J.: 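Starting off with a structure, shown below.
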Amino acid sequence: MNVIVEREKGLLELEQRIGDLKALSEQHPEASFAAEIRALEEKYASLQREIFGNLTAWQKVHMARHPMRPRATAFIAALDEFVELHGDRAFRDDPAVIGGIGRLEGRRILVLAQQKGRDTKENVRRNFGMVHPEGYRKGLRLMRLAEKFSLPIVTYIDTSGADPGIGAEERGQSEAIAQCILQLTRVRVPVLAAVIGEGGSGGALAFGVADRIIMLEHSIFSIASPEGCAAILWKDAGKAEEAATRLKLTGSDLKGLGIVDHIVAEPLGGAHRDVDATVTSLLREQASSLDALAMLPLERLLQERYAKYRRIGSWQSQSDRMVRGAT
Amino acid sequence: MPSVADWLRGRKRQIERREPGLWVKCPGCSETLYRKDLELNLLVCGRCGHHFRMPAADRIVSLIDGEFHEIAADLEPRDPLQWTDVKTYPQKLAADREKSGAVEAVIAGFGSMGGIEIGLAVMDFFFRGGTMGAVVGEKIALLFEESARRRVPAIVCTASGGARMEEGLVALMQMAKTSAALTRLQDARLPYICVLTDPTTGGVSASFAFDADVIVAEPKAVVGFAGRRVIEQTIRQRLPDDFQTAEFLIEHGHVDLIVDRHQLKAQLVQVLSMLLPGTGAGVPA
């Protein structure tokens, strides 16, 4: 049960009533429904503010998983042009990963995206966005292509996690993810990651090591799903809401921890309420981030990427009581 | 830096405190084993060959010739998320320190193995399940960087449940930190060997563990990305007993060698001696 979908029901009812009244007033121009319509619209706006004005971590988890949330394909469709490139050249083409070359507002890029489905049929095909080793190996192949042809890498992150199944283990899920992470730490082109929905664990990080990380306002990025964390720590997946709060998985939390660079605001009610506006805002931020990264000489870019990851995580030393590190 | 003798004495005493009792039951064959015999046999059951999980300090003693110079020994985690559940994160750390005798889930340092200078990090499953937080990430990263600087190969023995929940995304990002540091060793064209020990999963297996030039596993060690319980819940069926074992991994092409603990040092020395140009060291008997 998605808590956002539940909360939206009242809004959708109001929307329906406002729509009906407007239709009615067009049919009967002599009767004035203006006052009723205005009252309903005010009620709608206040309900919207009440529901979405201050989302909790748990509500953001559900917003990130909203069935209508724009998928990577929505952003890819808005590129100037895009050619999808398929397959890992070894086993199969993983539909949970979309990769290809494209142009973002005139800039040549290589796209790597985790893709969930919109309906049951597409979700089955895309494995609910859970990537198999061959999907990561397709990514790895395309990272090398990007390096060879000096294409900045733009990634879209939206997965609950890497596929946890028998086939994935047989084909080396750990190795596939490890190689992607390693490659992104050293790839000699700019890397720009955008978390657009769920950023779940190592399976998300495989495409998430980047010079700059952007998060949509109501997306999440977490060491584990709240359910998984609760199951691991407390053997009780029912405590997921508590885990969601403690994990500090929202964009603002992670910006505070120095891991995320930019938050892109979503329309009131979430990205799915105005997909075009969301797509436009993210692409604009991506374009300006790419321009900023392109200004840096390559060696400096790589040094800064190294230093950034080298700094994450602080510790204290017993002997000198010094505290080091950024977060 | 504390002297090596002091370091070992301190660690040993704490290990003894962790598992009291003269007798240990073997999980492999149910034989009751005399503790001292088991320890003399590198924690391997003399009857069935079951490899017990090994505390980091014991592993170091079993691999290093003489002196071991530990680095970053006194790093302690901070509490980036201000984590509290039943206990606070600092309370959990203190309890594990008391119980395991370890300061953190990895020990890193430098020494000589069969006459070859190496950097060595050994993870300790007895401290918070060997999980990787900022301190583990930092020590592994320092090991790679410092090995590159000293121009010596690096060996990491893994044992880990993955990234440490209580440090949240900061812990997950240690996968990237350790990988970035590893590139320094790769660029210096120095060998990195990973020894997978029971168990190695999650954020450790999916980062520096499977990035090694040569990957060795101990017999029957459980190694995988997702935990067994998670997979069984996902597919709603029981997994075969050998799933995610070292034997399963070698059959599917994911590790180079399975090596019995008694042969581990000799095998590592032999591999290094061939990977390193100009190493005259032979294989010790």
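Naming convention: chains lettered A, B, ... in sequence-line order (proteins, then strands); numbering from 1 in each chain. Being a predicted model, the structure only gives us computed values, none of them experimental.
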J.: Counting only non-hydrogen atoms closer than 4.5 Å, does B:Ile235 touch chain A with its backbone (N, CA, C, O), its side chain (CB onward), both, or neither?
T.: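 The side chain, not the backbone.
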
J.: Only pairs of heavy atoms separated by less than 4.5 Å count here; which of B:Asp79, B:Thr178, B:Leu249, B:Asp187 has the most with chain A?
T.: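 When all of B:Asp79, B:Thr178, B:Leu249, B:Asp187 are compared, B:Asp187 has the most.
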
J.: Given heavy-atom pairs under 4.5 angstrom as the criterion, report whether the side chain, backbone, both or neither of A:Ser174 touches chain B.
T.: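 Answer is both: backbone and side chain atoms of A:Ser174 are under 4.5 Å from chain B.
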
J.: Does the side chain of B:Gln82 pick up a donor-acceptor pair with the side chain of A:Arg246 at under 3.5 Å?
T.: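 Result is no, nothing qualifies.
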
J.: In Å and rounded to the nearest 0.5 Å, what is the CG to CD1 distance from B:Leu169 to A:Ile223?
T.: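 CD1 of A:Ile223 is found 7.5 Å from CG of B:Leu169.
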
J.: Any idea which of A:Ile166, A:Asp163, A:Asp253 has the most non-hydrogen atom pairs under 4.5 angstrom with chain B?
T.: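 Heavy-atom pairs under 4.5 Å are most numerous for A:Ile166.
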
J.: Quick one: OG on A:Ser314 to CZ on B:Arg78, what's the gap to the nearest 0.5 Å?
T.: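 Those atoms lie 4.0 Å apart.
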
J.: Just by modelled atom types, is the B:Leu81 backbone N or O under 3.5 Å from a matching donor or acceptor in the A:Lys248 side chain?
T.: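 Pair found, side chain donor or acceptor close to backbone of B:Leu81.
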
J.: Name the option with the most non-hydrogen atom pairs under 4.5 Å to chain B; the candidates are A:Ala162, A:Ser201, A:Gly165.
T.: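 With the most close heavy-atom pairs to chain B, the winner is A:Ser201.
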
J.: Could you check whether atom NZ of B:Lys220 has more than 12 heavy atoms from other residues, nucleotides or ligands sitting under 6.0 Å from it?
T.: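 No, the 6.0 Å shell around NZ holds no more than 12 heavy atoms from other groups.
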
J.: Can you tell me which portion of A:Leu205 sits under 4.5 Å from chain B's heavy atoms? Options are side chain, backbone, both or neither.
T.: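 Just the side chain, heavy atoms under 4.5 Å.
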
J.: Less than 4.5 Å apart, any side-chain heavy atom of A:Leu247 and any of B:Trp83?
T.: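 In short, these two side chains touch, coming nearer than 4.5 Å.
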
J.: Given B:Met175, which of A:Val209, A:Leu182, A:Thr185, A:Ile181 fulfils the side chain to side chain contact (heavy atoms under 4.5 Å, CB included) condition?
T.: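 Testing B:Met175 for a side chain to side chain contact (heavy atoms under 4.5 Å, CB included) against A:Val209, A:Leu182, A:Thr185, A:Ile181 leaves exactly one candidate, A:Ile181.
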
J.: Do you know which of B:Glu251, B:Arg184, B:Gln233 has the most heavy-atom pairs under 4.5 Å to chain A?
T.: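 Heavy-atom pairs under 4.5 Å are most numerous for B:Arg184.
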
J.: Does any heavy atom of chain B fall under 4.5 Å from the side chain of A:Arg171, the backbone, both, or neither of them?
T.: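 Backbone only.
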
J.: So does B:Glu145 pair up with A:Arg310, basic N to acidic O under 4.0 Å?
T.: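 Result for this pair is yes, salt bridge flagged.
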
J.: Can you tell which part of A:Ala168 gets under 4.5 Å to a heavy atom of chain B, answering side chain, backbone, both or neither?
T.: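 Neither the backbone nor the side chain of A:Ala168 comes within 4.5 Å of chain B.
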
J.: Of the backbone (N, CA, C, O) and the side chain (C-beta and beyond), which part of B:Arg164 lies under 4.5 Å from a heavy atom of chain A, both, or neither?
T.: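 When you check distances to chain A, only backbone atoms of B:Arg164 fall under 4.5 Å.
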
J.: Using heavy-atom distances under 4.5 Å, tell me whether B:Phe248 contacts chain A through its side chain, its backbone, both, or neither.
T.: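 Looking at B:Phe248, just its side chain touches chain A.
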
J.: Could you check whether any side-chain N or O of B:His252 sits under 3.5 Å from a backbone N or O of A:Glu169, counting only pairs where one atom can act as donor and the other as acceptor?
T.: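 Such a contact is absent between B:His252 side chain and A:Glu169 backbone.
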
J.: Once you round to the nearest 0.5 Å, how far does NZ of B:Lys177 lie from NZ of A:Lys308?
T.: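 These two atoms lie 14.0 Å from each other.
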
J.: If you compare all heavy atoms of B:Asp74 against all heavy atoms of A:Ser317, which two are closest, and at what distance to 0.1 Å?
T.: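 In terms of heavy atoms, the two residues are closest at OD2-OG, 3.1 Å.
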
J.: Heavy-atom distance under 4.5 Å to chain A: side chain of B:Glu166, backbone, both or neither?
T.: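 Side chain only.
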
J.: Just do the side chain to side chain contact (heavy atoms under 4.5 Å, CB included) check on A:Phe221 and B:Leu172 with the steps written out, would you?
T.: CA-CA 10 Å; A:Phe221 197 175; B:Leu172 195 77; 4.3 Å; yes

J.: Can you tell me which portion of A:Leu233 sits under 4.5 Å from chain B's heavy atoms? Options are side chain, backbone, both or neither.
T.: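 Answer is side chain: those atoms of A:Leu233 sit under 4.5 Å from chain B.
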
J.: Tell me, out of B:Ser179, B:Ala206, B:Gly162, B:Ser207, who's got the most heavy-atom pairs with chain A below 4.5 Å.
T.: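 The candidate making the most pairs under 4.5 Å is B:Ala206.
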
J.: Between B:Ala180 and A:Tyr306, what is the shortest heavy-atom contact and its length?
T.: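 So the minimum-distance heavy-atom pair works out to O-CE1, 3.2 Å.
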
J.: So which part of B:Gln186 gets closer than 4.5 Å to some heavy atom of chain A, the side chain, the backbone, both or neither?
T.: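 Only the side chain of B:Gln186 comes within 4.5 Å of chain A.
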
J.: Under 4.5 Å from any heavy atom of chain A, what part of B:Gln174 do you find: side chain, backbone, both or neither?
T.: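 Contact with chain A: side chain only.
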
J.: Would you give the length of the straight line joining atom CD of A:Gln316 to atom CG of B:Leu75, rounded to the nearest 0.5 angstrom?
T.: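 Separation between the atoms: 10.0 Å.
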
J.: B:Asp211 vs A:Gln179, test: side chain to side chain contact (heavy atoms under 4.5 Å, CB included). Steps then yes/no.
T.: CA-CA 6 Å; B:Asp211 281 327; A:Gln179 293 294 333; 3.3 Å; yes

J.: Which one of B:Ala72, B:Ala181, B:Gly202, B:Gly253 has the most heavy-atom pairs closer than 4.5 Å to chain A?
T.: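 So the answer, after comparing B:Ala72, B:Ala181, B:Gly202, B:Gly253, is B:Ala181.
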
J.: What option among B:Ala176, B:Gly203, B:Ala134 has the most heavy-atom pairs under 4.5 Å with chain A?
T.: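 Among the listed options, the one with the most contacts to chain A is B:Ala176.
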
J.: Please check if any side-chain donor atom of B:Thr183 sits under 3.5 Å from a side-chain acceptor atom of A:Arg186, or the reverse.
T.: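 On atom types as modelled, these side chains do not qualify, holding no pair under 3.5 Å.
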
J.: For the residue pair A:Ala224 and B:Met165, what are the closest heavy atoms and their distance?
T.: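 Looks like CB-CE, 3.5 Å.
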
J.: Sort A:Leu249 into side chain, backbone, both or neither according to what part of it lies under 4.5 angstrom from a heavy atom of chain B.
T.: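 Neither the backbone nor the side chain of A:Leu249 comes within 4.5 Å of chain B.
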
J.: Mind running side chain to side chain contact (heavy atoms under 4.5 Å, CB included) on B:Met173 and A:Arg311 for me, showing each step along the way?
T.: CA-CA 10 Å; B:Met173 291 294 160; A:Arg311 257 196 323 264; over 6 Å; no

J.: Answer yes or no: is there an ion pair linking A:Lys239 with B:Asp85, defined by an N-O contact shorter than 4.0 Å?
T.: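 No salt bridge links A:Lys239 with B:Asp85.
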
